[in-house]
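Written out below as structure tokens is the structure these notes cover.
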2 protein chains.
Amino acid sequence: MLTDRQEMILRAIVRDYTNNGVPVGSKALVEQLPVHVSSATIRNEMAVLESVDLIRKTHSSSGRIPSMRGYRYYVDHLVRPDVVKDNDVDLIKTSLGGDFQKIDEIVAQSATILSDLTSYTTFTLKPELKNSRLSGFRLVPLGNRQVMAILVTDNGDVENQTFSVTHNVTSEQLEAVVRIINDQLVGLPLEDVVEKLKLQIPAEVTRYMQKPEGFLRIFGDVLTRASQERFYVGGRMNVLDFSEQTDIDTLRSIYSLMDHTDDIAEVLGEPSNQIQVKIGDEISNSDLLKNYSLITATYDVDAHGKGIIALLGPTRMPYSKMIGLIGAFRNELASKLIEYYRHFDE
Amino acid sequence: MLTDRQEMILRAIVRDYTNNGVPVGSKALVEQLPVHVSSATIRNEMAVLESVDLIRKTHSSSGRIPSMRGYRYYVDHLVRPDVVKDNDVDLIKTSLGGDFQKIDEIVAQSATILSDLTSYTTFTLKPELKNSRLSGFRLVPLGNRQVMAILVTDNGDVENQTFSVTHNVTSEQLEAVVRIINDQLVGLPLEDVVEKLKLQIPAEVTRYMQKPEGFLRIFGDVLTRASQERFYVGGRMNVLDFSEQTDIDTLRSIYSLMDHTDDIAEVLGEPSNQIQVKIGDEISNSDLLKNYSLITATYDVDAHGKGIIALLGPTRMPYSKMIGLIGAFRNELASKLIEYYRHFDE
DNA sequence: TCTTAGCACTTATGTTAATCGAGTGCTAAA
DNA sequence: TTTAGCACTCGATTAACATAAGTGCTAAGA
């Protein structure tokens, strides 16, 4: 257990180091601490903190920097989220203020706003119901043997894909396929749709069409895309700024991660209602992100489920500021979406 | 006018420097040149080449590197495209061999293949007719007051967008709008459509609907997107490898350029049938890309127009190899697309 | 006139040694 | 428990020096 003074010193070290990026020594601490003791005393306390692995040296006679456990302790016990500046709140409000056609636009835009605000890299996921259901399927002939398949879910997601058909497919046949799918599958959770798609449907469709595999594959593709979570990424290039000293291969891996929604989902993990901070190797078991921290927050849109926003920055980030910002942002985003859906549900 | 020997020396300097990235001196040249002269002779010749600004020194006693004009001379008079390895041809063929649903997939995939092959950054543009025409417009109600607008052009491009309508819009009204647009505008070049959209159409539509502005704006959006050229980018991250010594701000600018199709179009300029090489500040008048070269080639899909592929790499790139590769690739891509369209036109 | 050997000169690069400064740990006294 | 004092460590900076690669120039040879 740490004494008050030790906690104060740890807090000061984290704050100073995250602001300046330079290991902080006993003298510097004496000057900024409110207590009136000598640097030798501070040194003794620092030795204690080092012995319990909360801070460490970069070399035998350097100042101290927080260890992973030190950051952890700071985040768990010491950090007080900054109050967000009025400026920034206004910025968020106006950026979210435009009139958007689709949820996706709002959520994509959110990633950008948040990354501008923090100068880190951000991920956003739109609110999703655990089990969204199929609410409609269309096949729209576009002429020239092209057809567009459109799938709509009950929380308003729309996925589409165009494909070519052989010229002996008639529009009656298309309608028949659509009718079967809508009759049999609308209202079911998407997972169940996937199941049934393998079992019943092929047989039924065969009555109207000799080789329905092509159609069903397209339907399957669109279905997969609709049931897949999709993250938006903001401030990709910011990684270049805050990854000092990182070799190119690591950067490549990080960028490749950003292009794979599944990987992002895995990295973010199961979010809780609290704002969650993962530090260094807590993020994933590879040490690709060992010098990074990830702050995750959920936002709650009542009946329409919960979404996620997240922030990737260096381990030495100003946590209090970032936690404040992400908290404020999720609130604004939640209100915006609640308002959006109210309009949508009427 | 250069003597044969001077040309030989220039060629050797370019080849050596593009391969090794190290300024090349008279001794090194003596060893690799077929002629049997001393280094002093080479030095004299080099002095001549330097006096006409084809090569230059990095410092007063360094070896020589090609100047911009040197590269230009090399590319215009000396380069012989490498014959592409069977390996690579096979790779191209198989990578383009899959069965794609849409032209866009092929063209996007091309950017990736070409960047893998060259380890540079690539841009591809699908073949486009100068004046493609509107061939159809649909409004598909998706339920819940969502509607999808779909626009099809006569060379097979499909653009779509979903939007919300107020609940007092009836499906008869939608059909009326679609009918007017299709009756009046199908068959016209997209530019003319844009024109007419401002003049005649609003009046006509008003007969069926009080405030058609929303609809017409959506239609306009989709139209804009359909008439806009869209480049695919491959090997974005390769920039990091070949931009040695480039500061982060420049990198940011380059990446931001890649995200703006208009800017790419401007940078690529008007392509010719020849394979075109732009070196350093020839690329654009800002000096953002002064250390880069751009190789552009068109590919010809007969009646379906011409597309563009391009390659961005460092000024010191192995031109003979790259020109060979891009040439081979454009041929393969052209055949693939001709085959694709044959299937499509039947 | 062209070529070449020889040489003095220039510059980047790498190594070593010296110095400086920030910071630590320890000891002994208050 | 605190603190002044001091020896010690290590990174960072600088200067001095050597080396290697390369050049231009000169004068002699073909």
Side-chain angles (χ1 to χ4, degrees), chain A residues 1-10 12-67 70 244-245 316, chain B residues 1-10 12-67 70 244-245 316:
Chain A
M1 206 50 202
L2 300 187
T3 65
D4 285 356
R5 192 167 68 187
Q6 286 161 353
E7 290 202 332
M8 180 175 63
I9 290 173
L10 176 57
I13 290 175
V14 172
R15 199 173 38 205
D16 194 292
Y17 182 64
T18 52
N19 286 332
N20 310 320
V22 179
V24 17
S26 51
K27 243 183 203 149
L29 282 173
V30 168
E31 284 166 22
Q32 65 186 270
L33 286 179
V35 291
H36 187 63
V37 290
S38 79
S39 64
T41 308
I42 301 290
R43 278 204 290 286
N44 289 333
E45 295 285 42
M46 287 166 90
V48 174
L49 289 174
E50 185 168 14
S51 73
V52 292
D53 189 27
L54 290 173
I55 60 181
R56 65 189 180 84
K57 301 184 226 174
T58 59
H59 60 85
S60 77
S61 73
S62 76
R64 305 305 214 294
I65 64 174
S67 67
E244 308 150 334
Q245 307 270 30
R316 57 166 279 265
Chain B
M1 204 53 200
L2 299 188
T3 65
D4 285 355
R5 192 167 67 186
Q6 285 161 353
E7 289 202 333
M8 181 174 63
I9 291 173
L10 177 56
I13 290 175
V14 173
R15 199 172 40 205
D16 193 292
Y17 182 64
T18 51
N19 286 331
N20 310 319
V22 179
V24 18
S26 52
K27 241 183 204 152
L29 281 173
V30 168
E31 283 167 24
Q32 64 186 272
L33 286 179
V35 291
H36 189 63
V37 292
S38 77
S39 64
T41 309
I42 302 290
R43 278 203 290 285
N44 289 334
E45 295 285 43
M46 288 165 89
V48 176
L49 290 175
E50 184 167 13
S51 73
V52 292
D53 190 26
L54 291 173
I55 58 180
R56 62 188 182 85
K57 301 184 225 176
T58 59
H59 60 85
S60 79
S61 73
S62 76
R64 305 304 213 294
I65 63 174
S67 68
E244 307 149 335
Q245 308 270 32
R316 58 164 281 267

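So you know, we letter chains A, B, ... as the sequences are listed, proteins then strands, and number each from 1. Source: prediction; values computed, not measured.
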Nucleotide nearest [X] when distance is taken to its side chain, options [options]:
X: A:Ser60; options: C:dT11, D:dC10, C:dA5; result: D:dC10
X: B:Thr41; options: C:dT3, D:dT23, C:dT24; result: C:dT3
X: B:Ala40; options: D:dT3, C:dA5, D:dT23; result: C:dA5

- prompt: Do A:Leu2 and A:Leu49 come close enough that some side-chain heavy atom pair is under 4.5 Å?
  reply: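 Of all side-chain heavy-atom pairs linking A:Leu49 with A:Leu2, at least one is under 4.5 Å.
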message: Under a 3.5 Å threshold, yes or no: a donor from one side chain and an acceptor from the other, between B:Arg43 and B:Ser26?
response: yes
task: May I ask you to check whether A:Arg316 and A:Thr18 show a side-chain donor-acceptor distance below 3.5 Å?
output: no
Does [N] have OP1 or OP2 sitting under 4.0 Å from an N or O in the side chain of [X]?
X: B:Arg5; N: C:dT3; result: yes
X: A:Lys57; N: C:dA22; result: no
X: A:Arg43; N: D:dT3; result: no
X: B:Arg56; N: D:dT23; result: no

Measure the distance from [atom1] on [X] to [atom2] on [N] and round it to the nearest whole Å.
X: A:Asp16; N: C:dA22; atom1: CG; atom2: C1'; answer: 14 Å
X: B:Glu45; N: C:dT4; atom1: CD; atom2: P; answer: 11 Å
X: B:Leu29; N: D:dG22; atom1: CG; atom2: C1'; answer: 12 Å

- prompt: Mapping B:His59 and A:Pro23 to their closest nucleotides on DNA chain C, which lands nearer the 5' end?
  reply: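 Residue closer to the 5' terminus by nearest nucleotide: B:His59.
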task: For A:Asn44 and for A:Val22, locate the closest nucleotide of DNA chain C by heavy-atom distance; then report the residue assigned to the nucleotide nearer the 5' terminus.
output: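 Whichever sits nearer the 5' end wins; that is A:Val22.
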query: If you measure from the Lys or Arg side-chain nitrogens to the Asp or Glu carboxylate oxygens, is any gap between B:Glu50 and B:Arg56 under 4.0 Å?
result: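 Salt bridge between B:Glu50 and B:Arg56, a charged N being under 4.0 Å from a carboxylate O: no.
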- prompt: What nucleic acid atoms does A:Lys27 come within less than 4.0 Å of, heavy atoms only: base, sugar-phosphate, or nothing?
  reply: nothing
- request: Using a 4.0 Å heavy-atom cut-off across all strands, classify A:Ser39 as base, sugar-phosphate, or nothing.
  value: nothing
query: Does A:Ser61 get its side chain close enough to the base of C:dT24, under 3.5 Å, for a donor-acceptor pair?
result: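 There is none.
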- request: Measure from the side-chain N and O atoms of B:Asp16 to the backbone N and O of B:Ala12, and report whether any donor-acceptor pair falls under 3.5 Å.
  value: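 Flag not set: sc B:Asp16 to bb B:Ala12 has no pair under 3.5 Å.
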